[in-house]
Colleague: 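The structure's right below; bear with me while I get my questions together.
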Amino acid sequence: MSTSASTLSLPDFAGHSVTPDHPQYDRLRRVWNGSFDRYPALILQARTTDDVCAAIRLAATQGKPFAVRGGGHSIPGFSTCDGGIVLDLSLMNTVSVDPAARVVTVGGGALLGQIDAAGAPHGLVTPAGVISHTGVGGLTLGGGMGWLSRRFGMTIDSLLGARMVTASGDIVDCSADLEPELFWGLRGGGGNFGVVTEFRFRMHDLGPVRMGNWRYPLASAATALRAYSDLARAARREVSTSFTLSSTALSLTAFASGNTAGTQDAVLPFGQLGVPADGGLMPLSYCDFQSRNDTGAPWGRRYYSRGGFLHDLDDAAIEAMVTAAATAPTEDSEIYVLQLGGAVADMAEDATAYSGRSAGYYWVANPVWDAVKDDTACLDWGRGSARQLMALSMETNYVNEQGDSGSAVAEKAYGAAKYRRLAALKARFDGNNLFRLNQNILPARG
């Protein structure tokens with residue numbers, strides 16, 4: 001039975017079935033990372049959870065690759081495949097806020113910017129990532145970190161419950177009280193266990209915000225970062241910072257929210273690090289701030305990333321970062337660092353599948369380029385820079401920022417004890433490993 005013929009027999013499929021002869025096929029097959037130019041045999045755009053059930057049951061009979069796409073932002077290209085089936089959730093993108101309960105219900109195909117926009121009229125937020133056209137599903141299932149993580153925790157720390165379709169096409173609801181082991185695994189275990197069609201998140205009062213950005217010449221970056229490290233270490237959890245190092249400059253951003261944002265002293269010291277800097281305060285709303293990096297990460301460019309956790313930003317880490325940035329292969333390639341700590345560390349390490357609660361920072365070596373001819377130079381720089389920084393980093397890792405794939409990626413990210421627990425969960429919900437286009441956890445055997 002061919003894939004296209006099987007599609008015709010899907011009962012009551014309310015979405016769209018897109019084959020290579022469809023006029024929208026070329027648009028719909030594309031994903032954010034232009035390095036992955038793949039041609040699936042079939043794209044199923046689901047509208048309902050029942051559609052997802054039907055698509056999964058079909059995929060289970062085909063013996064072909066099966067990719068699940070929310071926002072299409074997978075760095076290693078897991079959102080697509082050659083010759084297989086892509087389940088596209090982008091039509092399942094409703095976002096509904098209950099301001100009295102401070103809860104937002106989010107479809108599996110929604111984007112981060114939609115949650116920000118829906119909460120804004122009520123002054124409510126859920127902590128998420130830093131690129132607003134990222135999918136909620138992929139970000140959440142890996143953990144989710146961003147500007148509000150120090151104040152409110154990881155995205156998964158605000159997750160109240162989820163509805164998931166298993167590899168057998170069955171619907172399972174989970175929360176702290178309902179299927180708690182699955183709920184534990186979904187919070188950091190990636191898309192290994194099924195397709196989440198609905199998330200419910202706690203929302204938080206944002207309050208006033210204040211932010212600033214400053215640029216320091218690369219020649220002064222090490223001096224500035226040493227002063228920054230001392231300042232960041234003493235910062236209140238309502239203050240979060242990040243920086244990027246390119247071949248020409250250090251760009252440092254500080255963000256404050258809540259009562260702390262009422263004073264300029266919350267962010268201005270990050271522009272006064274003992275060496276001359278350009279920049280200042282940015283008069284932006286929270287939603288505008290959340291989307292300010294969107295144009296720097298457009299669809300269709302070529303991306304790679306590999307990251308790791310640091311306990312602290314010490315001299316060795318600063319030297320390794322500045323040295324790597326000086327040899328960046330393109331002007332947009334960078335070392336990116338996000339400050340963690342605060343509320344992230346309030347949750348016990350074993351409370352969720354996500355690992356790295358004690359980290360002070362997360363770094364990413366992130367080459368960005370356009371031409372195929374530059375693949376080798378950019379990938380070599382990304383991997384080589386990451387190797388240098390990994391020697392200084394914690395053992396566990398964050399699966400969402402790994403541009404390479406293979407079973408060793410997941411094993412190292414979670415550590416042996418968590419990986420065994422996740423493998424047992426995988427065996428229960430996806431023993432045949434249908435959901436393997438991810439940082440894959442192999443089902444436990446025996």
Side-chain angles (χ1 to χ4, degrees), residues 70 73-76 78 106 112 126-130 134-162 164 174-176 179-194 196 199-202 237 240 305-311 338-364 393-402 405 407-426 429 435 438-441:
H73 258 252
S74 168
I75 294 167
F78 293 141
V106 181
L112 302 187
T126 294
V130 298
T134 303
V136 173
L139 177 101
T140 301
L141 295 175
M145 58 177 69
W147 289 109
L148 291 171
S149 295
R150 283 174 48 77
R151 184 178 174 196
F152 298 127
M154 305 289 291
T155 305
I156 53 172
D157 299 338
S158 291
L159 184 64
L160 298 172
M164 187 189 84
C174 66
S175 66
E179 290 285 357
E181 184 69 2
L182 176 60
F183 190 56
W184 174 86
L186 284 184
R187 290 176 293 163
N192 273 281
F193 312 111
V196 177
F199 298 88
R200 288 185 302 109
F201 296 102
R202 179 183 299 108
R237 61 177 56 195
S240 184
S305 72
R306 186 178 174 195
F309 291 114
L310 293 171
H311 281 297
L338 176 68
Q339 184 185 9
L340 296 174
V344 176
D346 289 347
M347 187 78 76
E349 177 63 33
D350 62 356
T352 62
Y354 170 85
S355 299
R357 294 282 179 177
S358 64
Y361 297 89
Y362 194 77
W363 59 265
V364 182
S393 299
M394 295 166 56
E395 290 188 2
T396 56
N397 215 319
Y398 179 44
V399 291
N400 280 3
E401 291 290 351
Q402 306 307 313
S405 58
S407 59
V409 175
E411 290 178 31
K412 183 172 178 58
Y414 299 113
K418 282 190 179 181
Y419 187 85
R420 285 193 297 270
R421 188 174 171 184
L422 288 164
L425 197 61
K426 177 76 168 179
F429 286 99
F435 304 114
N438 44 48
Q439 296 298 358
N440 197 222
I441 297 163

Colleague: Return the set of residues passing salt bridge (Lys or Arg N to Asp or Glu O under 4.0 Å) with Glu401 (not counting sequence neighbours), or none when no residue passes.
Modeller: none

Colleague: Output side-chain donor-acceptor pairs under 3.5 Å for residues 343-350, partner residues at least two apart or in another chain, one line each.
Modeller:
{"from": "Asp346", "atom 1": "OD1", "to": "Arg237", "atom 2": "NH2", "distance (Å)": "3.3"}
{"from": "Asp346", "atom 1": "OD2", "to": "Arg237", "atom 2": "NH1", "distance (Å)": "2.7"}
{"from": "Glu349", "atom 1": "OE1", "to": "Gly356", "atom 2": "N", "distance (Å)": "3.4"}
{"from": "Glu349", "atom 1": "OE1", "to": "Arg357", "atom 2": "N", "distance (Å)": "3.0"}
{"from": "Glu349", "atom 1": "OE2", "to": "Gly356", "atom 2": "N", "distance (Å)": "3.2"}
{"from": "Glu349", "atom 1": "OE2", "to": "Lys418", "atom 2": "NZ", "distance (Å)": "3.3"}

Colleague: Are the side chains of Ser355 and Met394 in touch, meaning some heavy atoms are under 4.5 Å apart?
Modeller: no

Colleague: Do you know which two heavy atoms are closest between Leu159 and Phe201, and how far apart they sit?
Modeller: CD1-CE2, 3.6 Å

Colleague: Can you see which heavy atom on Ala413 is nearest to which on Thr396, and at what distance?
Modeller: O-CB, 3.2 Å

Colleague: Return the CE to CD1 distance between Met145 and Ile156, rounded to the nearest 0.5 Å.
Modeller: 9.5 Å

Colleague: Can you name the residues that form a side chain to side chain donor-acceptor pair (under 3.5 Å) with Gln402, not counting sequence neighbours?
Modeller: Tyr362, Asn397

Colleague: Is there any side-chain hydrogen bond (donor to acceptor under 3.5 Å, both in side chains) pair reaching into residues 179-191, and which pairs are they, with sequence neighbours excluded?
Modeller: Glu179-Arg428, Glu181-Arg421

Colleague: Of all residues at least two apart in sequence or in a different chain, which pass the side chain to side chain donor-acceptor pair (under 3.5 Å) check with Arg306?
Modeller: none

Colleague: If I compare all heavy atoms of Leu310 with all of Ser393, which pair ends up nearest, and what's the gap?
Modeller: CD2-OG, 3.7 Å

Colleague: Tell me, please, which residues at least two apart from Thr126 pass side chain to side chain donor-acceptor pair (under 3.5 Å).
Modeller: none

Colleague: How would you list, by chain and number, every residue that makes a side-chain contact (heavy atoms from CB on, under 4.5 Å) with Val196, sequence neighbours excluded?
Modeller: Leu141, Ala162, Met164, Leu186, Phe199

Colleague: With rounding to the nearest 0.5 Å, note down the distance linking OH in Tyr354 to OH in Tyr414.
Modeller: 11.0 Å

Colleague: Between Phe435 and Phe193, is there a side-chain heavy-atom distance shorter than 4.5 Å?
Modeller: no

Colleague: Are the side chains of Phe429 and Asn192 in contact, using a 4.5 Å heavy-atom criterion?
Modeller: no

Colleague: Taking the side chain as everything from C-beta on, heavy atoms only, tell me whether Lys426 gets closer than 4.5 Å to Asn440.
Modeller: yes

Colleague: For residues Leu422 and Ala353, report the shortest heavy-atom separation together with the two atoms involved.
Modeller: CD2-CB, 3.8 Å

Colleague: Quick one: CD1 on Ile441 to OH on Tyr419, what's the gap to the nearest 0.5 Å?
Modeller: 6.5 Å

Colleague: Show the nearest heavy-atom pair for residues Asn400 and Gly144, with the distance to one decimal.
Modeller: ND2-N, 4.5 Å

Colleague: Can you list every pair that meets side-chain hydrogen bond (donor to acceptor under 3.5 Å, both in side chains) and has a residue in residues 141-156, with sequence neighbours left out?
Modeller: Arg151-Ser257

Colleague: Identify the heavy atoms of Gly146 and Ser240 that sit nearest to each other, and give their distance.
Modeller: O-OG, 4.4 Å

